[in-house]
Amino acid sequence: MASVRYFVTDVDEAVRFYVDRLGFALKQQFGPAMAILERGDLTLWLAGPGASASRAMPDGGKPIPGGWNRFVIEVEDLAGLVETLHRKSVPFRNEIVVGPGGKQILCEDPSGNLIELFESA
């Protein structure tokens, strides 16, 4: 099992996104500071502004959401899922890309963190 921590601007909003749109299950929530969700073998830790992991580093750098790092969710019907997520107003950074290993697309959670949706060839 892998655990990934994503920094989010609003834990409640992020929980709703991952549960309602991507099929995660909420395991624990610590108010507005943090939540732990699961989907298959992935455990996702959502850290809000009040989480200890969100505190500034000794050099003053502050962990923030967004960027290009992401986790991958393997799906069976990418086109169908993308259509469903479009209807639910999920933002995408690109269109479906087809490569030698399969098809992929990048969607964003409410804080701008990426999730790659992938269908193998």
Side-chain angles (χ1 to χ4, degrees):
M1 176 179 285
S3 294
V4 172
R5 181 189 304 269
Y6 264 0
F7 294 97
V8 298
T9 56
D10 184 314
V11 171
D12 290 329
E13 180 181 42
V15 167
R16 284 190 302 274
F17 173 83
Y18 284 99
V19 170
D20 295 345
R21 290 175 172 79
L22 296 179
F24 280 76
L26 176 64
K27 292 301 174 190
Q28 267 186 301
Q29 185 164 351
F30 305 93
M34 185 176 172
I36 299 173
L37 299 95
E38 290 182 350
R39 186 179 193 279
D41 287 339
L42 173 63
T43 299
L44 179 60
W45 297 3
L46 300 173
S52 59
S54 296
R55 294 180 187 152
M57 300 291 109
D59 68 358
K62 190 159 173 55
I64 59 171
W68 289 96
N69 292 320
R70 67 228 188 216
F71 60 86
V72 178
I73 297 176
E74 294 187 50
V75 301
E76 303 239 344
D77 176 15
L78 182 61
L81 177 58
V82 168
E83 184 179 317
T84 298
L85 294 176
H86 273 302
R87 285 195 304 271
K88 294 182 177 185
S89 300
V90 172
F92 289 86
R93 285 203 187 168
N94 63 339
E95 299 295 325
I96 293 175
V97 175
V98 179
K103 300 181 270 188
Q104 63 180 338
I105 192 167
L106 303 175
C107 68
E108 297 179 353
D109 76 8
S111 296
N113 294 306
L114 287 178
I115 303 100
E116 180 178 322
L117 305 173
F118 177 82
E119 179 183 335
S120 63

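Any value given below was found using the heavy atoms of this structure, including those in side chains, with hydrogens, waters and symmetry copies removed.
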Undergrad: Please check if atom CG in N69 has more than 12 non-hydrogen atoms from other residues, nucleotides or ligands closer than 6.0 Å.
TA: no
Undergrad: Is the backbone of S111 close enough, under 3.5 Å, to the side chain of T9 for a donor and an acceptor to pair up by distance?
TA: no
Undergrad: Which atoms form the tightest heavy-atom contact between A53 and P63, and what is the distance?
TA: O-CG, 3.4 Å
Undergrad: At what distance, to the nearest 0.5 angstrom, does CD1 of I115 lie from CD1 of I105?
TA: 12.0 Å
Undergrad: Can you classify the ring geometry of F71 versus F24 as parallel (below 30°), tilted (30 to 60°) or perpendicular (above 60°)?
TA: perpendicular
Undergrad: Provide the closest heavy-atom pair for P100 versus A121 in the form atom of the first, atom of the second, distance.
TA: O-CB, 4.0 Å
Undergrad: What is the distance from atom CG of L117 to atom CG of L81, rounded to the nearest 0.5 Å?
TA: 5.5 Å
Undergrad: Verify the cluster assignment for V19 and L85: are they in a single hydrophobic cluster under the rule of side-chain heavy atoms below 4.5 Å apart?
TA: yes
Undergrad: Give the intermediate values and the outcome of side chain to side chain donor-acceptor pair (under 3.5 Å) for residues Y6 and D109.
TA: CA-CA 10 Å; Y6 264 0; D109 76 8; over 6 Å; no
Undergrad: Once you round to the nearest 0.5 Å, how far does CG of N94 lie from CG of L114?
TA: 9.0 Å
Undergrad: Should we say atom CD of E116 is surrounded by more than 12 heavy atoms from elsewhere, each under 6.0 Å from it?
TA: yes
Undergrad: Is the backbone of M57 close enough, under 3.5 Å, to the side chain of K62 for a donor and an acceptor to pair up by distance?
TA: no
Undergrad: Between S54 and G48 (side chain of the first, backbone of the second, donor and acceptor by atom type, cut-off under 3.5 Å), is there such a pair?
TA: yes
Undergrad: Count the heavy atoms of every other residue, nucleotide or ligand shown that sit under 6.0 Å from CD1 of I64, and state whether that count exceeds 12.
TA: no
Undergrad: Looking only at non-hydrogen atoms, find the nearest pair between Q29 and V11 and report the distance.
TA: NE2-CG1, 3.6 Å
Undergrad: How close do I96 and A79 get, counting heavy atoms only, and between which atoms?
TA: CD1-CA, 4.1 Å
Undergrad: Given F30 and I36, is the side chain to side chain contact (heavy atoms under 4.5 Å, CB included) satisfied, shown in steps?
TA: CA-CA 9 Å; F30 305 93; I36 299 173; 4.1 Å; yes
Undergrad: Between CD of Q104 and CD1 of I73, what distance do you get to the nearest 0.5 Å?
TA: 13.5 Å
Undergrad: Show the nearest heavy-atom pair for residues K103 and V98, with the distance to one decimal.
TA: CG-CG2, 3.7 Å
Undergrad: Testing the basics here: between R93 and G67, what is the closest heavy-atom pair and its distance to 0.1 Å?
TA: NH1-O, 3.2 Å
Undergrad: Could you give me the CA-CA distance, side-chain angles and deciding distance for Y18 and L26, then say whether side chain to side chain contact (heavy atoms under 4.5 Å, CB included) is met?
TA: CA-CA 9 Å; Y18 284 99; L26 176 64; over 6 Å; no
Undergrad: I would like to know whether F7 and L46 meet side chain to side chain contact (heavy atoms under 4.5 Å, CB included); could you show each step before the answer?
TA: CA-CA 6 Å; F7 294 97; L46 300 173; over 6 Å; no
Undergrad: Check for a donor-acceptor pair, side chain of R39 on one end and backbone N or O of A25 on the other, with a separation under 3.5 Å.
TA: no
Undergrad: Say whether, by atom type as modelled, one donor and one acceptor occur between the side chain of R5 and the main chain of S3 under 3.5 angstrom.
TA: no
Undergrad: In Å and rounded to the nearest 0.5 Å, what is the CZ to OG distance from R21 to S89?
TA: 7.0 Å
